[in-house]
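Working notes for the structure below.
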Amino acid sequence: MRNIARYQLMLIARSPLFIVAVLGLLVIVTVGAVDRTDGFPSAPVEVASAAVMQVSHIALMVFTLLAAWAGVGSKSGRASEMTYTYLHSNTQMAIGQVLGLTLAFAVVQVAIVAWGTGVVWVGYGRIPVDYRAAASLCIMQLLPAAAMAAGLGYAIGYLAGSPVVAYPIAAGLWFAVVLGGVEASTLPQTRWLAVLDMGSAHDFDQGLTALAMATAGFLGAAAAAGLVKRGREAAPARRRMSAAVLAVAVMAFGLTLTASWVLWSPRLAISRNSAKMVAEEAESFLGLPREVMGLRPATDVRSYDMEVHLSPSESRLANTVVMEVANRGAVPLSTLTFTLRGEFVVARCQVRQETWMDASYDRRASLLEIKLDTPLAPGRSCDVRLTYHGMVCDWTLGKFVAFNDELNGVVRQDRAWLPSGLAWYPVPGARRTRYAVATKHAVAKPGAVATAGLQVEGPVSKAVWVENSHPAARMRVVVHTGMAPGTQVDAGIPGELISAEGESPVYKFESDWARDLYLAAGAACPDEVELPDDARAYLERRWAFYESLAPSGRDMVVTGLARRRTLLGNPQLAPQGMIAVDGRLVQRTAKRAQAGRANAGDALSYDRNLVESAVLSAWWQGGGTRWHFMAGAASGEVNVIGGVLRYALVLFLEHNGEPDIAEGVLEEARRGHESGLVHLRSMEAEATLLLEQARQDRGLEAVRRVFSLLRAGQAGRDGVVTMDDLRAAAMLAVEEVGHS
Amino acid sequence: MDVDIADLTKVYRPNRVALSEVNLHIGVGMFGLLGPNGAGKTTLMRILATLLEPTAGRVRVSGMDLSRNKEAVRRRLGYLPQSFGLYPRLSAMETLDYIGALKGLNNTADRRARVQEVLETVNLWNDRDRRVREFSGGMLQRLGIAQALLGDPSLLVVDEPTAGLDPEERIRFRNLLSMMSGDRAVLLSTHIVADVESICSDMAVIHEGRIVFRGAPEQLIAGARGKVWEVRCRRDTFERLSEGPEVIIIGARNAGDVVEARVISRAVPQLGAEASVSQVAWPSLEDAYVALMGAV
């Protein structure tokens, strides 16, 4: 079998078709990798894997067709006539040839990853390579996919025996797997089948996905061995063997799918439960007065002191939180309003105005209303102690395209992340669930990040659990991870390990400003860079304008994304006032602006957008969210901050005497709004046009007011602006401007 | 090593009889199976090569029933089909090494040694590193026989191996076959009479699925003795002769106004006084084969 594999590898490697295919893939990956080096420096493997994954489906199709070609050649053709008189068994031949094909495809995949990584490594200034990530990509995704393509393609070719029949079937199977995988991943009932598609399932259950693809390849080889040309098997023992191999393959594949089903069934149940909870929550929020809603809630939290106990194996969380709660409204508060995920059961609630007293409360879905015996006067504060527990699984299958880690943070055995998206600790005000918040912020940082008492090995992922918090609140959190002693915990953000050796890890996170905890994770503290005068002037001009639009009160610090340094962090997560830019890009953009060569197209062009994003994300901090592409089913679920920021660009252009370009940007929005080809774009365009409409109706002051409201409210904290938020802010702004 | 074929019948659907109650015994040495195209030679070869199941009858190879002992027969078998393909992008050495592995030569050193041996036998050792696609037709056939020899078979089945080869290559190839036949049974299927005549000590003629002759070539020749004639006559006389029944023209050559020809006829050809007719004392195998097939 080893020799059969070796010679199959040799044969395919010498095939002109194969060589042409490999060169084609290399070219596409090179273009993709080079294209990506225009952006902010990222880990080479991360960028390369993005480029590789972009062509992964094409590669799979090519490999499947090549394997089908090999299968056809093995069964038909003149070679087979005498080959059948040899002594090898069908099983040896099929498995050997599939192994050879798998090896060939795997070598190509690994070479493409290595090449792409090298290209990015050179292009980005030799940022260290994370070999573990590269190995994981190859072993968990690309190699199993190669095995699947080899096995299934070979089986098709061997069973069909004719290229005329085999190629359409192979191409059809490819379409079915690719399109079916996408469909399967979006439908809750079929999500368990997505393990067969590398593209749609790779974020989750990688081991199972790898196993499913490998067993699919094995099944193909076994089918070729067991179903075709059984008559040539000379000995009954060999026939029995091929039948046994086929049975084992069917069983292995079936067990893998069963495992996937078993894995996903409870998730499906959780998903349905989550969806039910959301519906209840929407109902409970109906008719709530505006002053308790998230935009400007009167209930304000100045500090949190939490003792969190996680139980990863049960996906449960128990917490006792002590909060200093203030009334920032204009009238006394007799009810403190919080949002706390509806699945949590509140065990006890106490309030201290003079002394600690048990307090009554109402729970409706995620709404928590605590009754005060004595109304809290404006500007005054009291202490609230709340004890609660519950499950922390968030799954809304079929609702999102992306299923990211933080959604099931505690579900995973090896993670101690806390969930996002739903308030796992009391968040002031009534805040509707904002699913758009759920996004991945894995910023790969090779090597170890040393902080006080905590050594985080490997990629550091941005914490997501403070994104819903009040940014100004002082925060002290002790997390009992509930994990086995000695477990290497990826806590998401740097904290202090306070447990003794041999105990379950316990971490303490403490900061005067909640967001500081978050920002510390990125260690986004690069030196201030020297920018050419024209570039700096350009940035300062922008910064000054945006500050005048909705002030943050902070000074601008420009940091450079040095090409020869390790990754500096996600610019969208930089502290307020800190702009991380590529100096050369800024300079180029500034020169073009100065030369008067900019037009509407340039205004939307990549480099200009880059600067725009950098400035605006520093001005309006994205927090735990980036305006990523997430399809939402309703306007309340799509983050349209991009559209809001785009309108800031329009204002900036007008302010700088470029009304034509500004009009071009607006025209772009109008076109995007009308075409609606891409849902998100359409929603963003709608946001831009809503602001334009507000200006048409009430003038620039109304728009300024909208920006200020958004920045001061919930949106300013987590960087998510839904259309509902925007409409509410616009309504409030129009009222306020009207009154004034 | 001997092959015993008894009442072998093969019927293809729909009711096309390829072999009909064939009985043959083949022993060590060169055995020629002669027959026209479509006579059933290849069907018989494929049955012997374990690739086809007979409809009826039995084949025993060294006493073993072929249908029940394919594995054992394959261990003794070397097969060169009429038309075969090799991987054009492999070298001769790689090709044989791969085939050797498929034939169960698992020990790498032994396999390499055997590959060298057969390549030297077929005189391709100096071309061992050349890709197969660069080989001429004759070299391909020699490589084909090399693969058949890899397992040191005691039964070598060779189907139409010299078709398409130039005379020099054909001679070289059949000499090679002859050399192979020392201690093994070599079954050569062909429609080229000269191949059998040159190297086979035993033979059969198959026609429309039936064995119509079985014996030594000399016996077939003896059967034709007295039926082969050389004539020299005028052209018009020769044309009358060729149109007549019971006469088969083997060859004719124009020599001015006259024609010199070799014909097969049971009786003395009647050509008139001006023509000369002489009986051929030693007919060739081809003469005998043609006489047999023409039922003269």
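Scope of the values below: all heavy atoms of this structure, side chains included, with no hydrogens, waters or symmetry mates. Chain letters run A, B, ... following the sequence lines, proteins first, then strands; residues in each count from 1. The model shown is predicted, which means the values in this text are computed figures rather than measured ones.
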B:E94 with A:R6: basic N within carboxylate O range, under 4.0 Å: no
Separation between OH of B:Y87 and CE of A:M10, rounded to the nearest 0.5 Å: 12.5 Å
B:R46 portion near chain A, given a 4.5 angstrom heavy-atom threshold: side chain
More than 12 heavy atoms from other groups under 6.0 Å of CZ on B:R130: yes
Evaluation steps, side-chain contact (heavy atoms from CB on, under 4.5 Å), between B:L102 and A:M93: CA-CA 9 Å; B:L102 296 183; A:M93 181 58 100; 3.9 Å; yes
Heavy-atom pair with the smallest gap, counting every atom of B:R89 and A:P16: NH1-CD, 3.4 Å
Crowding at CH2, A:W115 (>12 non-hydrogen neighbours, <6.0 Å): no
CG-OG1 distance between A:N3 and B:T108, expressed to the nearest 0.5 angstrom: 6.0 Å
Max heavy-atom pair count under 4.5 Å with chain A, selected residue of B:V73, B:L80, B:D97, B:N106: B:D97
Part of B:L90 lying under 4.5 Å from any heavy atom of chain A: both
Heavy atoms from other residues, nucleotides or ligands near OH of B:Y12 exceed 12 (cutoff 6.0 Å): yes
